[in-house]
**Student:** 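What follows is a structure written as structure tokens; I'll ask about it next.
The analysis underlying the following values was restricted to heavy atoms, covering all of them including side chains, and did not include hydrogens, waters or symmetry mates. Quick note on labels: first sequence line is chain A, next is B, and so on, each numbered from 1.
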Amino acid sequence: MLSLPGTLRKLRFFIQPRALERDLDDEIRFHLDMEQEAHVRAGKDVAEARRLALRSFGGQERYKDESREALGLRFLDDLRRDVRFAARTFARRPGATLITVLTLALGIGATTAIYGAVYGVLLAPLPYSDAERIITVWQHDKRTAGSREDLSAPNFLDLEARNQTFASLAAAEPFSFDYETPDGAVRFRNARVTEKFFSILGTRPLLGRTFQRGDYVTGRDRVVVLSHRLWMNRFRSDSSIVGRTLILDSVPQVVVGIMPRGFELPNREDLWSPKVFTDDERQERAAAYYAVLGRLRPNATIEAASRDLNGVASQLAREYPRTNAHLGVSLVPLPTQLLGGARRALLVLMGAVACVLLIACANVANLQLAAAVRRQREFAIRSAIGAGRRRLTRQLLTESLLLALLGAVAGIILAQFGMAAIRAAAPSDLPRIDQLSLGGPVLLFALGLTVVTALLFGLAPVLRATRLNLQQNLAADSQASTSGIHKRRAGSALVVAEIALALVLLVGAGLLGESFASLLKVDRGFRAEGVAAATLQAWSYYPTRAARIQFVKEATARLAALPGVQNAAMTSSLPLSDRIGQESSNLTVEGTASERDVRVAACTPSYFSTLHIPFRRGRNFGPQDDSASPPVAIVNEALARRYWPAGNAIGRRITFAFLGRPITREIVGVVGNMRHDGLHADPPPTVFIPHSQGPTGAVHLVVSTNTGDARQMIPSIKRELSAMNRAMPVSDVVTLESLLDSSLRERRFNLFLLGAFAIAALVLAAVGIYGIMSSVTSERTHEIGIRMALGADAAAVLTMVLRQGLLMAAAGVAIGLVGATLVTRLLKDMLFQVSSLDPFAFLVSVAVLFSVAVLACLGPANRAARLDPARAIRQD
Amino acid sequence: MPPVALDRLQGTLDMLVLRTLVREQMHGWGIAQRIQLLSRDVLQVNQGSLYPALHRLEERGWIAAEWGTSDNNRRAKFYRLTAKGHRQLEREQSSWADFARAVSAILQTA
């Protein structure tokens, strides 16, 4: 039945309905003329001929209508008429229509924006082929739950050789290249990858090629593949760069390819280069810093692969007990590894915005219900003339759809802004957050959402309008008929539901807010205000221990001499940053007990005063602690308390390795704890050694200022360091405050969004309460008039209305409380030092909701109280 | 014999139109005249009802329409039978023959 010419014809006639009419008219006119002429030829006069022709033809309108129906155009005709009628109905009540469209815009726009984030981050396909079959491989110490570490080269090579379930495995080593620019040296983050890396991921390069076998020969490995981001930012998307040579780390390297946008493994590097293992590296079984991934064989399952690799791990544990004794292997599919962390928070946000949408729909449904009551007479008349139930339903649904479409158009514009705000405010480690866009799938979702929304709020007035009793409504001249009760009950039920949803959102936002506040109040253990830090890798520029010691001494002295600087120091491990130099080591206490994974940092003596880390016992490092004097260490309270809870850690001896073989050091001081890994994480047990006794090249220079704003120091720090050594790139100079800010970004983001939704829900619920109370009180005008006549004063009327409103609010709050206790469990992971049933948040939310309900009822209550009883009684 | 109104027998009207168009293209009025002529005025088509039928047939793809000029130089819409229409006509003619035979068999034996 659906033919192309037929459909084209339908389309043409839909756009140009008059063409169809002309067509039909012309054809019929021709027929009548011919018939008329025939009669004239038979001898009749013109007027008689015309009459006979018309009579033998029959009713023109009827046949034209049947023709239209035959052409299948009736449906479109009706649709057009419905749309025009709907538009007139809206124009008659512009205020209500505007509120409806805005409410819908808010609901649809917010939901689309969040869905855009959910899609962009979680659902959009990853640029790796068949990503579920790509597995990331980690090693962990079986004695510590939940740990996950990179692998060492020999472990990787053995896994590669001995496994039976992977088609191929690859390793990536974090590295960096220094690149000269006119503005000074910059550092590119690089991943050195083994041969199968690109083939496992399966992504084709945007330009050029990835690495091939011939590149993995020492001497022939001077090739690099650039990331899309580096290519865009640094080389202005110049496609001629493929084949050109760049001087990286003072060595010419040829650019052989560019990867497409979104290819960011293993860790958002700027570029990739081939990894060829040296003989030394093949022996260093304890040096674990390779990220490993692999592609499963076609028939292998991840469980089988886990058993397989752990079998190899057990073999290695037997063969190399010193390094591998307790190591196991854990496997995580790539999508989970990349996206799993973001899933929980995003789904919570999606749920929250769905609540807002439901509340918006409930409000609109109420508005439509109120309109339906007003239009009772119109529907009754149309029914009487012959509009069937289906026709009326179609009309009302068309109106709903039209409203929803208008709301959707405005909503999509809102969503654009919303997504831009999300992109700006979201934590930068949310995967793919920078690639959010209002693309096809998101728009399709918005369209589907629009239709569903239209059905949701459109159904209410449809059910009402078609259930009417024809006679009752034509005859009745009172709006306070029994049908009014039904509408009131439905409307009140909707508002109760709105209040419940709003309470759930309020409680959620309140819990997150309390959590955030606790986080901010927690004792950091160090000072972040007015401190800047510069990160350097000094190894290649100061190759000897003595050179590095000298460099650090000089750098700290020069920085301390800068104007505005209070203190300058160096540390190898910077708080709140995931950066280079984080060392952890196995520690032996006085030859007996042992501790795993203790943080070790080298620092200069002024470090503690620069960051305001208090001393609890003992002394600081001093000039007497250098490379020739006895090895010393300072521990933090966490470590001291663990081993010497009652007594004194001073003078005790601990043994661990830092930059070489383990040596025994004497504890000379105990400092306060630092929340090193972020405000939410407990302070880790930490050991400090003087830089002169552990001259690492992983250098963070920290500088504190007495002027308050550390940002102003940044340019002078950069200049000073550049002046010291022009060739050495100073990669990041940041303030500790900005690091603190970044660490809080995710929580702040979640709080901001959930708070925004809670406020939106509250506003919408208030509007809903106001609406329903207005219509309820206006229906009860007659009754109020009687009460007033019988002696009720304004206060009594006020109380009566308020009580009705508060009862509704109470019902909503009760349901909402039940819902909230169930739902807030989902937030547990996001809360810090706050239980998911925290009474304060619940109480405040309930109080806020009741206050808002009272405020919303005041308007209608006031109006009711100020009614003139005489007129009220007469009104019906 | 009193004329038989064809309006109700929609399928029959369709078949007659198709048959009329087998040999040549015709406009609506011509079809009406032909049907009246061939049936020796027994079948009276309420002329207007022809047009919904024509549009229905056009929608089904059994006939195709084109605006042209009539013999007396008037602008008229001409219809012709399509290949699909030919096939449909054959189907209808054979099922009509079966129908007629069955009815007359019953009428004769009763």
**Student:** A:Asp23 vs B:Lys77, test: salt bridge (Lys or Arg N to Asp or Glu O under 4.0 Å). Steps then yes/no.
**Tutor:** CA-CA 9 Å; A:Asp23 237 34; B:Lys77 202 170 184 188; 3.5 Å; yes
**Student:** Are more than 12 heavy atoms, taken from residues, nucleotides or ligands other than B:Asp71, located less than 6.0 Å from that residue's CG atom?
**Tutor:** no
**Student:** What residue in A:His31, A:Arg55, A:Glu66 has the most heavy-atom pairs under 4.5 Å with chain B?
**Tutor:**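 Max contact count across the listed options: A:His31.
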**Student:** Is the shortest side-chain N to carboxylate O distance from A:Glu27 to B:Arg75 below 4.0 Å?
**Tutor:**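 Here A:Glu27 does not pair with B:Arg75 in a salt bridge, since their nearest N and O are not under 4.0 Å apart.
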**Student:** Hey, could you give me the CH2/CZ distance between B:Trp67 and A:Phe30, rounded to the nearest 0.5 Å?
**Tutor:**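 Answer rounded to 0.5 Å: 9.0 Å.
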**Student:** Using a 6.0 Å cut-off, check whether atom CZ of A:Arg394 has over 12 heavy atoms from anything other than its own residue.
**Tutor:**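 Yes, enclosed.
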**Student:** What's the separation between atom OG in A:Ser56 and atom CD in B:Gln36, rounded to the nearest 0.5 Å?
**Tutor:**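 Nearest 0.5 Å value for the OG-CD distance: 8.0 Å.
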**Student:** In Å and rounded to the nearest 0.5 Å, what is the NE2 to CG distance from B:His55 to A:Leu24?
**Tutor:**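 These two atoms lie 5.0 Å from each other.
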**Student:** What's the separation between atom CD in A:Glu37 and atom CG in B:Asn72, rounded to the nearest 0.5 Å?
**Tutor:** 5.5 Å
**Student:** In terms of heavy-atom proximity below 4.5 Å to chain A, should B:Gln33 be classed as side chain, backbone, both, or neither?
**Tutor:**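 Side chain of B:Gln33 only, per the 4.5 Å heavy-atom cut-off to chain A.
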**Student:** Mind listing the closest non-hydrogen atom pair of A:Ser67 and B:Tyr51 along with its distance?
**Tutor:**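 A:Ser67 and B:Tyr51 have their closest heavy atoms at OG-C, 3.7 Å.
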